[in-house]
Amino acid sequence: MTTRVRFAPSPTGYLHIGSARTALFNYLYARNVGGKFLLRIEDTDLARSTEESTRSILEGLEWLGFSHDEEIVFQSGNAGKHRAAALKLLEEGKAYRDFTPKGDPGEKNIKAAIVERARANQGEKHMRDNEFRDISKNESDKRAADGEPFAIRLKVPFEGKTSFDDAVYGLQERDFDEIEDLVLLRSDGHPLYNLAVVCDDIEMAITDVIRGQDHLTNTHKQILIYEALGKTPPRFAHLPLILAPGGKKLSKRIHGEIVSMTTYRDAGFLAAAFRNFLALLGWSAGEEQEIYRLAELIEKFSLDGIHRSNATFNFDANNERRWTDDKAIWFNAEYIRTLPIEDLLPHVVKELKSAKLWREEYEEDDAEWFAKTVDLIRERFYTLKDFSGQGRAYFSEDFDFDEKAVQKNLKKHPDLKEWLPELADRLESLDDWTHDPLYDLVSKFAEEKNTKVGVIMNGARALLTGLAVGPSMIAVFETLGKEKSIMRLKSRIAWNE
RNA sequence: GGCGCAUUCGUCUAGUGGUUAGGACGCAAGGUUCUCAACCUUGAAACAGGGGUUCAAUUCCCCUAUGCGCUACCA
């Protein structure tokens with residue numbers, strides 16, 4: 001039987017970082033064993049589900065490069081089948097109608113209400129004391145026929161336990177005492193989550209369910225449904241959660257944009273880098289390697305390598321430099337500087353286009369220059385945004401001068417105001433615009449002015465790029481070319497007092 | 001309240017009944033350098049606590065603590 005896994009988000013927001021990792025692991029697992037990776041949108045909660053969320057999630061998945069197999073399944077489209085399943089169980093006596101009026105949680109905190117109710121019961125087991133569990137079929141049918149509203153509950157047996165062998169957490173057992181007669185169908189006819197999931201997973205012939213650990217205890221309920229339906233449950237693998245610093249839940253409400261996949265895309269992350277980072281959050285191949293191309297991830301992925309404890313996504317909301325996990329940023333920088341240049345170029349092109357710095361020549365006559373320049377400047381960049389930010393001076397005459405750079409590298413040495421234009425004149429007569437002659441000329445110039453070559457270099461860098469930091473000055477001369485270099489050396493803009 | 005799951009440097013993690021408990025990010029120092037990165041070298045940094053079992057426990061068992069999850073006619 002071929003392996004079939006699914007990623008099943010509910011469209012109530014953008015693609016969350018934890019969901020993204022669940023999708024990743026499902027994807028890697030499927031590709032590793034040569035199975036199918038399916039997508040199901042769990043849009044049964046119509047009040048909260050939006051088309052926009054669905055779109056955003058799909059966008060996120062696409063960005064990450066997880067292509068799904070087969071058609072996307074929308075859970076809402078299967079409500080009829082879910083209802084039929086509940087009715088079938090009712091017919092077979094494996095479920096019953098509960099005519100208890102629907103309770104109204106109102107504005108009360110749901111968690112508090114649960115605890116309150118449990119405390120009232122003081123540890124007594126009240127799982128099977130529903131008064132409608134054992135009423136006669138006749139009475140049940142009659143009340144239903146009279147139009148009395150009811151929910152359908154699964155009839156969980158008195159004695160016994162469910163068990164399953166989780167691929168991550170090992171053998172899990174749960175006594176029936178701990179499981180209430182769960183509602184399958186609401187009194188308004190809508191199926192509940194546990195029923196819907198089981199029905200859809202059966203329908204989609206899912207063989208392995210890989211999902212967040214928050215479903216670990218619910219799995220027992222789902223197994224009961226599988227059994228009632230006469231189906232064999234799939235294999236389960238539960239994933240540890242990704243938490244915020246301090247061990248708290250990572251939520252969009254509290255932590256905002258940082259949990260959204262689109263944030264990373266828009267911040268200039270490479271999907272490959274983020275994917276790599278995500279893969280190592282809760283999974284390890286058991287070796288010291290950390291950089292994995294997608295093909296390698298697929299090849300090495302195994303459920304055995306999944307951790308059992310939750311991971312913290314480490315960031316500091318109060319520190320701009322640490323707006324997201326340091327290691328994620330490191331991965332991105334590492335990818336930017338080590339990717340084969342031809343793989344990086346399309347991303348830079350896109351960035352320059354969106355920053356209005358793009359010129360068609362970069363793809364034509366100046367293609368070689370473009371590749372060389374990107375290669376030169378990428379080494380100290382962290383995100384794709386840097387190509388249009390710090391890298392602006394390489395692609396445009398319209399760039400800003402960093403005030404600190406001007407102070408430190410130009411104004412602190414007032415002589416440079418005369419020297420640099422003078423250097424420009426010298427350069428004018430240089431025919432061979434390559435490293436050695438350039439270096440010779442500049443160092444001779446410095447010697448002549450009785451100053452350190454660094455003073456000239458740093459001053460020139462500030463004038464030519466607007467920054468105090470950047471590639472070797474000679475390399476900047478080379479890449480900018482004679483004309484622009486001379487022009488900028490003579491420019492007075494930066495000196496503007 | 002009940003039930004479940006977890007706990008190795010700040011973070012991500014490797015690992016084992018006997019190890020100097022390893023790596024990565026970050027941090028610090030030094031080297032290199034026209035600056036900043038990169039790179040190289042070095043450093044600080046961890047087995048939650050208490051009981052067992054054992055010749056030996058970070059590793060196995062129990063308890064406690066802490067965190068997380070579930071406990072809903074939410075998903």
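On a predicted model such as this, the values are computed, not experimentally measured, just so you know. In the text below, chain A, chain B and the rest are named by the order of the sequence lines, each starting its count at 1.
- In this structure, A:Leu243 atom CG and B:rG67 atom C1' are separated by 8 Å, rounded to whole Å.
- Shown here, B:rG18 forms a base pair with B:rC55; the pair counts as Watson-Crick or G-U wobble because both key distances fall under 3.5 Å.
- Applying the Watson-Crick and G-U wobble criteria (two distances, each under 3.5 Å), B:rU35 pairs with nothing in any strand.
- Within the 4.0 angstrom heavy-atom criterion, only backbone atoms of the sugar-phosphate kind lie near A:Thr44; the bases stay farther away.
- A:Gly212 comes within contact range of no nucleotide atom at all, as no heavy-atom separation falls under 4.0 Å.
- For A:Trp433, there are no ring-ring contact (aromatic ring centres under 6.0 Å, His included) partners at least two apart in sequence or on another chain.
- Between the OH atom of A:Tyr193 and the P atom of B:rA72 there is a distance of 16 Å, rounded to whole Å.
- When heavy atoms are screened at a 4.0 angstrom cut-off, A:Lys452 is found touching no nucleic acid atom at all.
- With sequence neighbours left out, the ring-ring contact (aromatic ring centres under 6.0 Å, His included) criterion links A:Phe132 to A:Phe99.
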With the criterion being N/O to N/O and under 3.5 Å, what pairs connect the protein with nucleotides 6-11 of chain B, and how long is each?
from	atom 1	to	atom 2	distance (Å)
B:rU11	O4'	A:Asn314	ND2	3.3

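- Using a 4.0 Å heavy-atom criterion, one finds that A:Gln172 contacts the sugar-phosphate atoms exclusively.
- A search for ring-ring contact (aromatic ring centres under 6.0 Å, His included) contacts involving A:Phe399 returns A:Phe401, not counting sequence neighbours.
- Counting to the nearest Å, the C1' atom of B:rC12 and the CD1 atom of A:Ile291 are 13 Å from each other.
- Nearest-nucleotide positions on RNA chain B place A:Glu173 closer to the 5' end than the other of A:Glu173 and A:Phe381.
- Remark: the separation of the P atoms in B:rA57 and B:rG52 is 11 Å, to the nearest Å.
- Nucleotide B:rU41 forms a Watson-Crick or G-U wobble pair with B:rA29, both donor-acceptor distances falling under 3.5 Å.
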For a quick test of your reading: what N or O donor-acceptor pairs under 3.5 Å do the side chains of residues 7-16 of chain A make, sequence neighbours left out?
from	atom 1	to	atom 2	distance (Å)
A:His16	ND1	A:Gly18	N	2.9
A:His16	NE2	A:Leu250	O	3.0

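- With both ends at atom C1', the span from B:rC55 to B:rG50 equals 22 Å, rounded to whole Å.
- Aromatic ring centres of A:Phe301 and A:Phe25: separated by under 6.0 Å.
- Within the structure, salt bridge (charged side-chain N to carboxylate O under 4.0 Å, His left out) contacts touching residues 182-195 of chain A (residues at least two apart or in different chains) are A:Arg186-A:Asp188.
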If you restrict it to nitrogen or oxygen atoms, what contacts under 3.5 Å exist between nucleotides 31-35 of chain B and the protein, and what is each distance?
from	atom 1	to	atom 2	distance (Å)
B:rC34	O2'	A:Asn458	OD1	2.7
B:rC34	O2'	A:Asn458	ND2	3.2
B:rC34	O2	A:Arg461	NH2	2.7
B:rC34	N3	A:Met473	N	2.8
B:rC34	N4	A:Ser472	OG	2.3
B:rC34	N4	A:Met473	N	3.4
B:rU35	O4'	A:Asn458	OD1	3.1
B:rU35	O2'	A:Ala468	O	3.2
B:rU35	O2	A:Ala468	O	3.2
B:rU35	O2	A:Gly470	N	3.0
B:rU35	O2	A:Gly470	O	3.4
B:rU35	N3	A:Arg461	NH2	3.2
B:rU35	N3	A:Gly470	O	2.5
B:rU35	O4	A:Gly470	O	3.2
B:rU35	O4	A:Ser472	N	3.1

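- Under the rule for a side chain to side chain contact (heavy atoms under 4.5 Å, CB included), the partners of A:Lys449 that lie at least two apart in sequence or sit in another chain are A:Trp419, A:Glu422, A:Phe445, A:Thr451.
- Rounding to whole angstrom units, CD1 of residue A:Ile179 and C1' of B:rA72 are separated by 16 Å.
- Relative to the side chain of A:Leu216, the nucleotides B:rC70, B:rC5, B:rG26 differ in distance, and B:rC5 lies closest.
- A:Lys404 comes within contact range of no nucleotide atom at all, as no heavy-atom separation falls under 4.0 Å.
- In a base pair of the Watson-Crick type (N1 to N3 plus N6-O4 or O6-N4) or a G-U wobble (N1-O2 and O6-N3), with each distance short of 3.5 Å, B:rA24 is matched with B:rU11.
- For A:Glu320, the CD atom sits in a loose shell: 12 or fewer heavy atoms of surrounding residues, nucleotides or ligands are nearer than 6.0 Å.
- B:rC68: Watson-Crick or G-U partner is B:rG4, with both key distances under 3.5 Å.
- Searching all strands for a Watson-Crick or G-U wobble partner of B:rC73 with both distances below 3.5 Å returns nothing.
- In this structure A:Phe477 satisfies the ring-ring contact (aromatic ring centres under 6.0 Å, His included) test with no other residue, sequence neighbours excluded.
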N/O to N/O distances under 3.5 Å, protein versus nucleotides 19-21 of chain B:
none

Shorter than 3.5 Å, N or O on both sides, protein versus nucleotides 57-62 of chain B: list them out with atom names.
none

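- Counting any heavy atom pair closer than 4.0 Å across all strands shown, A:Glu379 reaches a base atom.
- Per the geometry, CG belonging to A:Asp386 stands 18 Å off P belonging to B:rC36, to the nearest Å.
- If you measure from atom CG of A:Leu182 to atom P of B:rU71, you get 11 Å, rounded to the nearest angstrom.
- In this structure, the side-chain hydrogen bond (donor to acceptor under 3.5 Å, both in side chains) partners of A:Arg235, at least two apart in sequence or on a different chain, are A:Tyr29, A:Asp208.
- The distance between atom CG of A:Asn218 and atom C1' of B:rG69, rounded to the nearest whole Å, is 10 Å.
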